[in-house]
Asker: 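Below is the structure I would like to discuss, written out as structure tokens.
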Amino acid sequence: MQTINRLEDLRKCVAALKNGGKTLALVPTMGALHEGHLTLVREAKARAGAVAVSIFVNPRQFGANEDLDAYPRQLAADAAMLEAEGADLLWAPTSDQMYPDGYATNISVSGVSEGACGAARPGHFDGVATVVCKLFNQVTPDMALFGEKDWQQLAVIRRMARDLDLTRPHVDAIIGVPTVREADGLALSSRNRYLSEEDRRRAAALPKAMKQAIAAIEGGAEVAPTLHTLEGALIDAGFASVDYADLRDAETLAELYAPGERPARLLVAARIGGTRLIDNMGVG
Ligand code: PAF
């Protein structure tokens, strides 16, 4: 695996892979890799001739009071994991390379980015869309893989790729991969490592309460009181607050007050011991 930090070297490496006739899959990450990321790499290897992984802790997607400085950084350990998985190329640009002096462009995707994490983290999805657009232009992959754990992020990226004609030959080149979970149901996340032992134990209440809410909604219960019960269950389990618990259209992310014909998704963000956890599951 080649680790590359400069754009000109990246372009040469990508050209060599493509001249060799290989299709290229990109797995964008912010590092602190876990089994969820490695699942994306394995899926990418199954679908493409070569796999590029990017590691860049993108400052533009963190709010002023968020965990940018504390976000775990472990490039050497991440590189070793990717090497063991057989990734071909690690793209690890510096902040100066991504956003040189005078950088002034922002990509903002309306609609799908509003509400849920978009409301709770103003500017977050502009930062995500901007960096992912840059990564697509830098790496020029045939396909890119993202975890479904960040469901709204995936919807934002799909919308941006369609709107800006970024994917070829068709939009399926953006592939969502199902969330990887711990034995007790907690979705894997780089931020789980912030949890104390006690909070980690309590955090399992999140997927549990979500499953109960989904069973109730699928059984005909009204959405608003069911979500209210879910929020109460999280607070009772030791969560400090719930940012949102929404039923949304799986593709447009429009808020739903009752399940309909189209696929729906339950999206939740809640805070425990200073850590913000998000999760989502299909409904119906
Ligand atoms: O999901 C992430 O790790 C990040 O939001 C992404 C897609 C790599 C953009 O920085």
Side-chain angles (χ1 to χ4, degrees), residues 4 10 25-41 43-44 51-63 66-75 77-79 81-82 87 89-99 103 105-109 112-113 116-118 120-139 141 143-161 164 166-167 173-180 187-194 253 267 269 275-280:
I4 297 178
L10 175 70
L26 171 65
V27 178
T29 81
M30 295 203 302
L33 302 181
H34 51 64
E35 192 57 27
H37 298 110
L38 301 183
T39 301
L40 295 178
V41 174
E43 186 64 33
V51 177
V53 178
S54 64
I55 295 185
F56 178 63
V57 182
N58 174 33
R60 294 176 76 95
Q61 70 186 75
F62 288 78
E66 293 184 354
D67 56 344
L68 173 63
D69 292 337
Y71 199 83
R73 289 161 174 88
Q74 47 169 60
L75 191 61
D78 287 346
M81 281 187 248
L82 295 173
L89 144 63
L90 168 55
W91 170 226
T94 59
S95 228
D96 293 356
Q97 292 240 343
M98 285 303 244
Y99 304 119
Y103 183 90
T105 302
N106 186 49
I107 294 180
S108 191
V109 181
V112 286
S113 70
C117 279
R121 304 182 68 190
H124 170 67
F125 287 121
D126 285 13
V128 170
T130 302
V131 81
V132 171
C133 182
K134 283 177 69 71
L135 290 168
F136 283 3
N137 287 328
Q138 293 166 341
V139 180
M143 65 190 84
L145 294 90
F146 296 87
E148 287 185 351
K149 167 159 178 294
D150 297 293
W151 188 268
Q152 192 175 13
Q153 164 172 286
L154 186 55
V156 168
I157 292 166
R158 284 201 162 114
R159 184 74 261 166
M160 172 190 69
L164 299 182
L166 291 181
T167 55
I174 301 218
I175 296 150
V177 177
T179 303
V180 181
L188 295 196
S189 164
S190 303
R191 289 187 168 101
N192 289 354
R193 65 185 71 190
Y194 297 155
L253 272 293
L267 289 94
T275 302
R276 184 173 184 275
L277 300 179
I278 61 170
D279 201 350
N280 71 87

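When a ligand or atom number is given, it counts from 1 through the structure's own listing order.
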Asker: For T29, which part has a heavy atom under 4.0 Å from ligand 1: side chain, backbone, both, or neither?
Answerer: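 Backbone only.
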Asker: Considering only heavy atoms of P28, which atoms of ligand 1 have at least one such atom less than 4.0 Å away?
Answerer: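 By the 4.0 Å cutoff, the relevant atoms are 8 (C).
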Asker: Taking only residues two or more places apart in sequence or in another chain, which ones pass salt bridge (charged side-chain N to carboxylate O under 4.0 Å, His left out) with D279?
Answerer: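 Result, salt bridge (charged side-chain N to carboxylate O under 4.0 Å, His left out) vs D279: R181.
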Asker: So, taking the atom named CZ in F56 and the one named CD in Q61, what distance separates them when rounded to the nearest 0.5 Å?
Answerer: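 F56 CZ to Q61 CD: 9.0 Å, rounded to 0.5 Å.
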Asker: Within a distance under 4.0 Å of any heavy atom of V131, pick out the atoms of ligand 1 and give their elements.
Answerer: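 Going through ligand 1 atom by atom, the ones under 4.0 Å from V131 are 9 (C), 10 (O).
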Asker: Heavy atoms only: which of H37, Q153, H124, K149 lies closest to atom 6 (C) of ligand 1?
Answerer: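 It is Q153 whose heavy atom sits nearest to atom 6 (C) of ligand 1.
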Asker: Among pairs that include at least one residue of residues 129-138, which meet salt bridge (charged side-chain N to carboxylate O under 4.0 Å, His left out), considering only residues two or more places apart or in two chains?
Answerer: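 Qualifying pairs: none.
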Asker: Working to the nearest 0.5 Å, report the span between CD1 of I278 and SG of C117.
Answerer: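 I278 CD1 to C117 SG: 4.5 Å, rounded to 0.5 Å.
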Asker: Of D126, L68, N106, which is the lone residue that meets side-chain contact (heavy atoms from CB on, under 4.5 Å) with R60?
Answerer: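 Exactly one pass, corresponding to N106.
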Asker: Counting each atom of ligand 1 from 1 as listed, which ones have a heavy atom of Q61 under 4.0 Å away?
Answerer: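 Listed by number with element: 4 (C), 5 (O), 9 (C), 10 (O).
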